[in-house]
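Letters go in sequence order (proteins before strands), and every chain restarts at 1. When reading the values below, keep in mind they use all heavy atoms of this one structure, side chains included, and skip hydrogens, waters and symmetry mates.
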Amino acid sequence: MSAVGPGTGDRAWGDAQSVLEPLGPEAELIADLTWVLFIGGGIIFLATMLLLAVAIRGGDGPRRILGSRRFILWAGVAFPVVVLSALLVGTLRVSAALDNRPMGAEPLKIEVIGRQFWWEVRYPGTLPSGGIVTANEIHIPVGREVELRVSAGDVYHSLWIPTLHGKIDMVPGRTNTLRLRAARPGVVRGQCTEFCGAQHALMAFYVVAETPDGYERWLERHRLPAAEPVDEFLATGRKVFAAAGCGGCHAVRGTEWDARIGPDLTHVGSRLSLAAGTLDNHRGTLGGWIAGVQDLKPGANMPSYNAVLDGRELRAVSAWLESLR
Amino acid sequence: MRATAFATVIALAGCDEAVPDHLRIPGGNARLGARIVAERDCGVCHVIPGLRGARGRVGPSLAGFGARGYVAGVLPNNPDNLLWWLQDPPAVAPGTAMPDLGLRQEEARHVAAFLYGLR
Amino acid sequence: MTPPADPLSPDAPLPNPLPRPEGEVEKLKEIWKTPFGWRFPTVVNNNWIGVLYVGTALLFFVLAGILALVMRLQLAVPGNAILDHETYNQFFTTHGTIMMFLFAVPAMEAMGVYLLPAMLAARDLPFPRLSAYAYWAYLIGGLFFFGSLFFGLAPNTGWYMYPPLTSKPYSPGINADFWLLGIGFIEISAIAGAIEIIVGILRNRAPGMTLARMPLFCWAMLVFAAMIVFAFPAIIWATILLELERAFDWPFFLPDRGGDPLLWQHLFWFFGHPEVYIIFLPAAGMVSMIIPTMARTPLVGYGLVAMALVATGFLSFGLWVHHMYTTGIPQLSLSFFSSASFAVTVPTGVQVFAWLATLAVGRRVTLNVPTLYMLGFLFIFVLGGLTGVMVAVVPFDWQAHDTYFIVAHLHYVLIGGMVFPLLGALYYWAPTAGRKLSDRLGRWSFWLLFGGINLTFFPMHLSGLRGMPRRVYTYPSGMGLEWPNLISSIGAFVAAVGVACVVVDLLRNFRMETGGGGGGNPWSAGTLEWLPNDTYAARSIPRVHGREPLWENPRLTEEVEQGRHFLPGTVTGRRETIVTSPVAAVPQYVQVIPGPSWAHVVAAAGTAGLFTMLTIQLVWLALAFGALAVLATLWWLWTGTDYGPLRDDAEIGGGLRVPVYLAGPDSTAWWAMIVLLLVDGTVFACLLFTHGFLWLVNPEGWPPPGTPLPHAVWPLFSAMGYTGSAVLLWLADRALGHGRAGVILPAVLLALPLLLLGFGADLWGYWSAGLRPTTHSFASSVYANLFWQGLHAAIVFVMALYLAARRLAGMVDPVRRVTFDCVRLFWLYAATQGLAGLVLTHLVPHALR
């Protein structure tokens, strides 16, 4: 895992966030284009530097060729016009390919809302009451067209999953869409790329691309309401959650708490990370996060609860949250 | 993984030889301990010298842990007590905020060796 | 009798005969003497202001560079804790803002102020106090801006300040206001500088220096200044809107009340993209001066390069959306802006290959310090240009945008395209002030900087593609970012040592040897700034027949020094310079220009105080400073402009008799006012754009249903007031033309209330109807127009009183009428703009219904 947060343990998955290691066809198209640009640009750069070397230290013959108006017009006008026209045509084809790919089935629509400094993820139509809501993690089935409908809950954010596609801004007052597809199962990282305030740097998320079966199982589990406490200690944790007023900001489906200020915690225990890709997720980090939010991610909208909860209460509420799988 | 190895190297620079005899943990490997400490994200709650990003202030700093008088303010600081504490903190101090992170016996040994090596 | 030969032709005898009268030079020296000691701040001469200006710009460069070093320390390893998030965010915002606004633009303007008069062989630029005012405002404002860092009050939301993050709800502190403060200053000083440079280049060239013989640096500065005129209004208007939103809750950018944050992006980048070329073009102009000198041959393709400069200026205004590819703009418009971005590479390519061709055609260059910097420039800039083509490719930009790839690209372009030429220029032109800089330190600085810059920024291409976004105070390990970042940090320190070498060299070896005649012409250059120089520039103003006068006439230096060219002394006993026609550079008149004064210094301090006190919310003190600024400005105008005809005419040599005072469309004052009105009109165009844009994003109605609107009688009243005052001014102008000076007072005293009534009726109409600016973006746009018209009414108010006072003091008459003309031009503009505002806010919404 990342060393951004205090945790420095490693993970079972990679932290793939590279443009050059695409996981889906869209990113692959762009990666191919990237290589073309790099190689072409590299050749032009070297050629120009070679001409410069000839100009200052070359023989008289070659220098005479370079030292004319005609050379300026060929190298400075004709050459770029031809190369850039070709590039423009090629680019438009890639853009068109990204834009108008033939659709198979109706795309899977997922709404992502950027907030300071985390991501709300909604699956509309997955529940009679609307849809399941989760945070900082997007699960998608491999091979299926996915349409991300992105918007902003406060200021600008920008959603970027380099292994799947380019970035798309989350503009206050507007909804943008991004269509992408995962070609293989895998877990990749995404991050906010539009500066959004104090903790812009710690605003990441994970995309989990699963087999269609795995995705269905995930969906099925998340349709369920939050798990009931199975022992005394977990029940205590739930009481602490109530007493500390956590429900004022968080929703836990199946309980009386349905606030939408902070992340939905119905299945928080099943997530890969805490605090938008900042920390691993287990009872230890849950406790550390709840007690020390403002140390770990100062400027986040949640206060530190070290002054409110005693040690046992902290352990209990962390254990209960960990049990919400 | 790479991060862990890097952090470990820093953590162990000039550690082992400084540990006094009565704090030596039989079968404890500080290098493995450092990796476990990193994996279990102990730094979320503790400042741990040499482990980058370990700046938590929920619990006490672990700097100079070997020189500390008591474990958790409850038990005299010796290898046996530390091992007990690491494996089940709430059993030692019921009011503690530190959860049982499920360390097995040999894992606790490595972690204890790591802790006693901290300056 | 044969007609007198054209005194500008090469065959004519030299304009002035020898021997020169006794004491001619001494008189010149006396008049142009630099005030030293406690009166030094009153200095206005371009040599001194230019050097101070360049030095201050370099100071800000070093300060912002130090911020960058601390940031590189923080990012050297993942999860570092040298800077906390808040400090880091303030650092990167301040670094960007200072580099763009307090270093790059002022440095170029400074080089212009320093070099242009010498290059044009003008005694000074036409409005020296304006340059000095711009400098002092910039210095004081810049230091306040930087000082905000020490109080933790520096802006922390990026140099581009996107609302709503910068709107009051998300940035409640005064940090954002400090940004607006800093920008306010630079807007003022940039516009002031642009006016000075445009009028200076077009009207103060040496006799015979036609546009086609003008040095390319002057071409570049002309395009630079013209771009400021059309680009800066967008940022002026944007900052006004943002401050109105922050201070009074007028929702221009807040979507819940009909605003749109994308409005800011359009305005900002309409300024921001040309800004890049505003920075680059003067540097390109410097390169076009230095390379021919080093190769000892005229630039190959002079015409092509001049055209390329102009073309770049035009094209750069069509590119702003290329910063907005990821905002969800339709593919079709993206393709348009993508091709425009490609197109701008052509004029740049032309320049690069013209430089190559010049190097090829000339003498094999020796690798002295300026040449090294030119070669380094070509390497770094070409690389940055190529990555620029890459990010113009829309799909690639979707990946690269706002990552370290862009950080790499923009630093390659700006350091390559601006810092290297500037440093080369310092080494190249330092002898015009005093003596050469150290060759040894120069070489060290070049190699350290060249290595350091590449070491710093090349790996950033990789860190960007590996997923590192910009503006992050930390990053995780395990993503392949450790090594690129560590190398970047090491490179930054290498480059810093290089900068330190330059600083040491400047401190040890830079000298202002006024009166000493400068450090000769060590590179054997061909242009006029290498004539022996004093505060009055060249002893006599040379007659020019080509682009490299010193190469074409090896005896020119001697002739000029002997005083055998134009205006070898003074004809009025005051500071003066020759004003020539804009294209052919035929002498038209001798303009008397003002000397040292405290007036503009106090005005600058007052302006600085006004902005600063407003920022820290001490309103009364701010008003006091504002009043001080206005009074000092009036004092400055009263004593430093419109001297009137001190004598009928004067002979400047070669039988040329020209007037020493000129009013009307040929006067420099008229030109300056026209340039100012172009700025003003462009701001108004941005105002129109604001209305149009917000109309488009409010499909439910503009104004929204239920908006209270005034009765038609109010705008009609208003229109009558505006029209009436304009007609009166027009009549007064005609009467003055017929020699009747008596009409001025009554006309002004009648027209002023009419104009104020025109504004007041419109304001009262909206207010009494119940429209409040905080309710909806429609209302706030209406009031933004009123704000803008009100500002003009207030300025006209001050101008009218000033004009009346000048008339009462007997300083306005049918001949001495520059003050009247300037006031009239502004007044007519204000009235016309008022009428246009009425159409915009009353008629257009009706038509759209």
Side-chain angles (χ1 to χ4, degrees), chain A residues 2-4 15 17-20 30 33-34 37 41 44-45 48-49 51-52 55-57 63 66-69 71-72 75-77 80-81 84 87-88 91-92 94-95 98-99 154-156 158 162 166-169 171-174 176 191-201 298-299, chain C residues 78-79 85-86 89 157-158 162 164-165 170 255 260-262 300-301 304 326-328 331 335 338-339 342 345-346 349-350 352-354 356-357 359-361 364-365 378-379 382-383 386 389-390 393-396 398-399 401-403 465-467 469 471-480:
Chain A
S2 57
V4 158
D15 279 316
Q17 194 169 309
S18 172
V19 173
L20 303 173
I30 303 181
L33 180 66
T34 304
L37 291 172
I44 295 175
F45 177 72
T48 312
M49 289 306 113
L51 291 176
L52 176 62
I56 57 174
R57 288 292 178 265
R63 284 182 86 212
L66 296 191
S68 67
R69 257 177 74 96
F71 166 70
I72 301 177
V77 181
V81 166
L84 293 174
L87 181 59
L88 187 64
T91 316
L92 290 179
V94 173
S95 301
L98 289 172
D99 232 24
D154 36 46
V155 300
Y156 277 108
S158 186
K167 54 188 70 66
I168 184 79
D169 289 354
V171 183
R174 292 173 188 241
N176 281 330
Q191 197 166 351
C192 179
T193 44
E194 183 62 70
F195 183 75
C196 58
Q199 288 298 346
H200 166 63
Chain C
H85 65 95
E86 176 61 26
N89 294 344
T157 46
Y162 284 177
L165 182 60
Y170 300 104
D260 187 349
L262 277 184
V300 181
L304 285 174
T326 61
T327 55
Q331 186 67 47
S335 309
S338 183
S339 16
F342 285 165
T345 58
V346 172
V350 166
V352 168
F353 289 107
L356 248 63
L359 287 168
V361 92
R364 281 194 172 77
V365 288
L378 282 167
F379 183 96
V382 168
L383 207 157
L386 286 167
V389 173
M390 294 183 194
V393 173
V394 176
F396 178 71
W398 287 337
Q399 290 284 25
H401 181 68
D402 272 345
T403 69
L465 292 179
R466 283 187 175 171
R471 301 165 185 134
V472 289
Y473 70 92
T474 188
Y475 57 93
S477 55
M479 280 167 54

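For a residue to count as touching a neighbouring chain, one of its non-hydrogen atoms must lie under 4.5 Å from one of that chain's; by this rule A:Ser68 touches chain C with the backbone only. Using a 4.5 Å cut-off between heavy atoms, A:Asn176 contacts chain C through its side chain alone, with no backbone atom that close. With a threshold of 4.5 angstrom between heavy atoms, A:Leu84 approaches chain C through its backbone and through its side chain. Heavy atoms of C:Glu86 lying under 4.5 Å from chain A are absent altogether. Heavy atoms closer than 4.5 Å to chain C are found in both the backbone and the side chain of A:Ile56. Using a 4.5 Å cut-off between heavy atoms, A:Val171 contacts chain C through its side chain alone, with no backbone atom that close. Both the backbone and the side chain of A:Arg57 have a heavy atom closer than 4.5 Å to some heavy atom of chain C. Only the side chain of C:Tyr170 comes within less than 4.5 Å of a heavy atom in chain A; its backbone stays farther off. Only the side chain of A:Ile30 comes within contact range of chain C, with at least one heavy atom under 4.5 Å from a heavy atom of that chain.
Residue A:Ala198 comes nearest to C:Tyr473 through the heavy atom pair O-CE2, 4.1 Å, listed as atom of the first residue, atom of the second, then distance. Across every non-hydrogen atom of A:Ile72 and C:Ala354, the tightest pair is CD1-CA, 3.5 Å. Shown here for A:Gly197 and C:Leu165, the closest heavy-atom pair between the two residues is N-CD2, 3.7 Å. Listed here is the closest heavy atom pair of C:Gly467 and A:Gln191: O-OE1, 4.0 Å. For the residue pair C:Pro395 and A:Leu98, the shortest heavy atom distance occurs at CB-CD1, 3.9 Å.
The residue among A:Leu20, A:Leu51, A:Leu87 with the most heavy atom pairs within less than 4.5 Å of chain C is A:Leu87. Options C:Gly349, C:Pro255, C:Ala360 differ in how many heavy-atom pairs under 4.5 Å they form with chain A, and the most are formed by C:Ala360. Contact count versus chain A (heavy atoms, under 4.5 Å) is highest, among C:Thr345, C:Val382, C:Val394, C:Val361, for C:Val382. When each of A:Cys196, A:Pro80, A:Gly41, A:Gly67 is checked for heavy-atom pairs under 4.5 Å with chain C, A:Gly67 comes out on top. For chain A, the option among C:Leu356, C:Val389, C:Leu378, C:Thr403 with the highest count of heavy-atom pairs below 4.5 Å is C:Leu356. The residue among A:Gly173, A:Ser158, A:Pro162 with the most heavy atom pairs within less than 4.5 Å of chain C is A:Pro162. Chosen from C:Thr326, C:Val472, C:Val300, C:Val393, the residue pairing most often with chain A at heavy-atom distances under 4.5 Å is C:Thr326. The most heavy-atom pairs under 4.5 Å with chain C, out of A:Leu33, A:Leu37, A:Leu66, come from A:Leu37. For the set C:Ser335, C:Ser339, C:Gly158, the count of heavy-atom pairs under 4.5 angstrom toward chain A peaks at C:Ser339.
Annotation: side chain of A:Asp154 is not in contact with side chain of C:Pro164 (no heavy-atom distance under 4.5 Å). The shortest side-chain heavy-atom distance between C:Phe396 and A:Val19 does not fall under the 4.5 Å cut-off.
Once rounded to the nearest 0.5 Å, the distance linking CZ of C:Arg466 with CD of A:Gln17 reads 12.5 Å. Annotation: the span from C:His401 atom NE2 to A:Asp169 atom CG amounts to 5.5 Å, rounded to 0.5 Å.
Note on ring orientation: taking the six-membered ring where Trp is involved, the planes of A:Phe45 and C:Phe379 are perpendicular (angle over 60°, cut-offs 30° and 60°).
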Output, in order, the C-alpha distance, side-chain angles, deciding distance and verdict of side-chain contact (heavy atoms from CB on, under 4.5 Å) for C:Leu262 and A:Tyr156. CA-CA 10 Å; C:Leu262 277 184; A:Tyr156 277 108; 3.4 Å; yes

Trace of the side-chain contact (heavy atoms from CB on, under 4.5 Å) decision for C:Asp260 with A:Arg174: CA-CA 9 Å; C:Asp260 187 349; A:Arg174 292 173 188 241; 2.3 Å; yes

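Counting only distance, with no hydrogens or angles, the side chain of A:Arg63 and the backbone of C:Leu359 share a donor-acceptor pair below 3.5 Å.
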